[in-house]
Amino acid sequence: MKKTLRTESHGKSHSLSRLRVAARPGGPPNGRQRGWLLVEGRPVPVALGRSGIRADKREGDGATPKGIWHAREVRYRADHGPRPVTRLPVFRIKPDDGWCDAPRHGRYNRPVKRPFPTSHEEMWRADGLYDLVVVLDHNSRPRRAHRGSAVFLHIARGAFEPTAGCVAFRPSDLRRLLARLGPRTEIEIV
């Protein structure tokens, strides 16, 4: 039986104050790259970075950054699903949207418009991973070169295959989580 994030409440729903993401204990094949989001005592399966969780996040290392983060905004593909229900700012992803991952560029770890002259993530993806994206405040204030960019909550690939450093969910779990996320919700990755 699949464990899912429940959003039932009595009366008015409220924002979650704190979530915890932890690696799933165990060894091969994917011990460090799979994990759980614990919300109100309930585990929700997630995929983590191919290098597991690290406190010393570096650009391109494949690690999910350890720490306490907050959701800044949501981006979604309107042609692949409805606008998500959330208390966060919401933006439609367009075909020319990108995210700069070039550490020496002034737009590092910021949204950009494509074509873009240097290295960047394409936000309009054919594989569906970015159909729904929560932008975290990792390495945002202050931004530091080489400390990681484009760390998101997004849709998982296949059977929770490792990410490049993000936390990935089943689409239904991410949508339910968004309904309870607010700008003050702490997302602790341990």
| said: Applying a strict under-4.5 Å side-chain criterion to I, L, V, M, F, W and Y, I'd like to know whether Phe91 and Trp124 cluster together. | reply: no

| request: Give a yes or no answer on whether the side chain of Thr86 reaches the backbone of Ala179 with a donor-acceptor pair at less than 3.5 Å. | output: no

| message | How close do Val134 and Ala71 get, counting heavy atoms only, and between which atoms? | response | CG1-CB, 3.5 Å

| field | Close side-chain approach of Glu40 to Leu16, heavy-atom, < 4.5 Å | value | yes

| query | What's the shortest heavy-atom distance between Val190 and Ala22, and which atoms? | reply | CG2-CB, 3.7 Å

| remark: For His120 and Thr118 the tightest heavy-atom approach is ND1-O, 2.8 Å

| message | Could you check whether any side-chain heavy atom of Ser140 comes within less than 4.5 Å of a side-chain heavy atom of Arg72, counting everything from C-beta outward? | response | yes

| task | Group every Ile, Leu, Val, Met, Phe, Trp and Tyr by side-chain heavy-atom contacts under 4.5 Å, then state whether Leu153 and Leu129 land in the same group. | result | no

| query | Do Arg75 and Pro111 come within less than 4.5 Å of each other through their side chains, counting heavy atoms only? | reply | yes

| request: Looking only at non-hydrogen atoms, find the nearest pair between Pro103 and Ala145 and report the distance. | output: O-CB, 3.5 Å

| field | Qualifying residues under salt bridge (Lys or Arg N to Asp or Glu O under 4.0 Å), relative to Glu59, sequence neighbours excluded | value | none

| query | Cluster question for you: counting only ILVMFWY and a side-chain heavy-atom cut-off of under 4.5 Å, with indirect links fine, are Trp99 and Val112 together? | reply | no

| said: Please enumerate all residues that pass side chain to side chain contact (heavy atoms under 4.5 Å, CB included) together with Ala78, with sequence neighbours excluded. | reply: Tyr76, Arg92

| said: Asn139: which residues meet the side chain to side chain donor-acceptor pair (under 3.5 Å) condition with it, sequence neighbours left out? | reply: none

| Is there a side-chain contact between Gln33 and Phe160, using heavy atoms and a 4.5 Å cut-off? | no

| remark: Sorted by chain and residue number, the salt bridge (Lys or Arg N to Asp or Glu O under 4.0 Å) partners of Asp127 (sequence neighbours excluded) come out as Arg125, Arg157

| field | Counterpart residues, side chain to side chain contact (heavy atoms under 4.5 Å, CB included), relative to Ile155 (two or more places apart) | value | Leu132, Pro171, Leu174

| Are any side-chain N or O atoms of Arg175 and backbone N or O atoms of Val85, one a donor and one an acceptor, separated by less than 3.5 Å? | no

| query | Are Leu136 and Met123 co-members of a hydrophobic cluster defined by side-chain heavy atoms under 4.5 Å apart? | reply | no

| said: Tell me the closest heavy-atom pair linking Asn109 and Ser149, and the distance in Å. | reply: OD1-CA, 3.3 Å

| Under the ring-ring contact (aromatic ring centres under 6.0 Å, His included) test, which residues partner Tyr130, sequence neighbours left out? | Phe152, His154

| request: Name all pairs fulfilling the salt bridge (Lys or Arg N to Asp or Glu O under 4.0 Å) condition that reach into residues 109-119, sequence neighbours left out, sorted by first residue then second. | output: Asp96-Lys113, Asp97-Lys113, Arg114-Glu122

| note | Across all chains, not counting sequence neighbours, the side chain to side chain donor-acceptor pair (under 3.5 Å) partners of His146 are Arg104

| query | Are Val167 and Val135 grouped together when hydrophobic residues (ILVMFWY) are joined by side-chain heavy atoms under 4.5 angstrom apart? | reply | no

| Considering residues at least two apart in sequence or located in another chain, which fulfil the side chain to side chain contact (heavy atoms under 4.5 Å, CB included) criterion with Glu186? | Arg18, Ile68, His70

| field | Gap between atom CG of Leu177 and atom CG of Leu37 - 0.5 Å precision | value | 6.0 Å

| task | Please confirm whether the backbone N or O of Ala150 pairs with a side-chain atom of Asp101, one donor and one acceptor, at under 3.5 Å? | result | no

| task | Could you list the residues that satisfy side chain to side chain donor-acceptor pair (under 3.5 Å) with Arg83, not counting sequence neighbours? | result | none

| request: Evaluate whether atom CZ of Arg20 has more than 12 neighbouring non-hydrogen atoms of other residues, nucleotides or ligands under 6.0 angstrom away. | output: no

| query | Any cation-pi pair here, Arg143 with Tyr108, using under 6.0 Å and within 45°? | reply | no

| Sequence neighbours excluded, which residues qualify as side chain to side chain contact (heavy atoms under 4.5 Å, CB included) partners of Pro183? | Leu88

Please tabulate, for the side chains in residues 43-55, all donor-acceptor contacts under 3.5 angstrom to protein atoms that are two or more places apart in sequence or on a different chain.
{"residue": "Arg50", "atom": "NH2", "partner": "Gly60", "partner atom": "O", "Å": "3.2"}
{"residue": "Ser51", "atom": "OG", "partner": "Asp61", "partner atom": "O", "Å": "2.7"}

| What are the two closest non-hydrogen atoms of Ala156 and Ala168, and how far apart are they? | CA-CB, 3.5 Å

| field | Heavy-atom side-chain proximity of Arg58 to Asp56 below 4.5 angstrom | value | yes

| task | Please work out whether the ring planes of Trp69 and His138 are parallel, tilted or perpendicular, with thresholds of 30° and 60°. | result | perpendicular

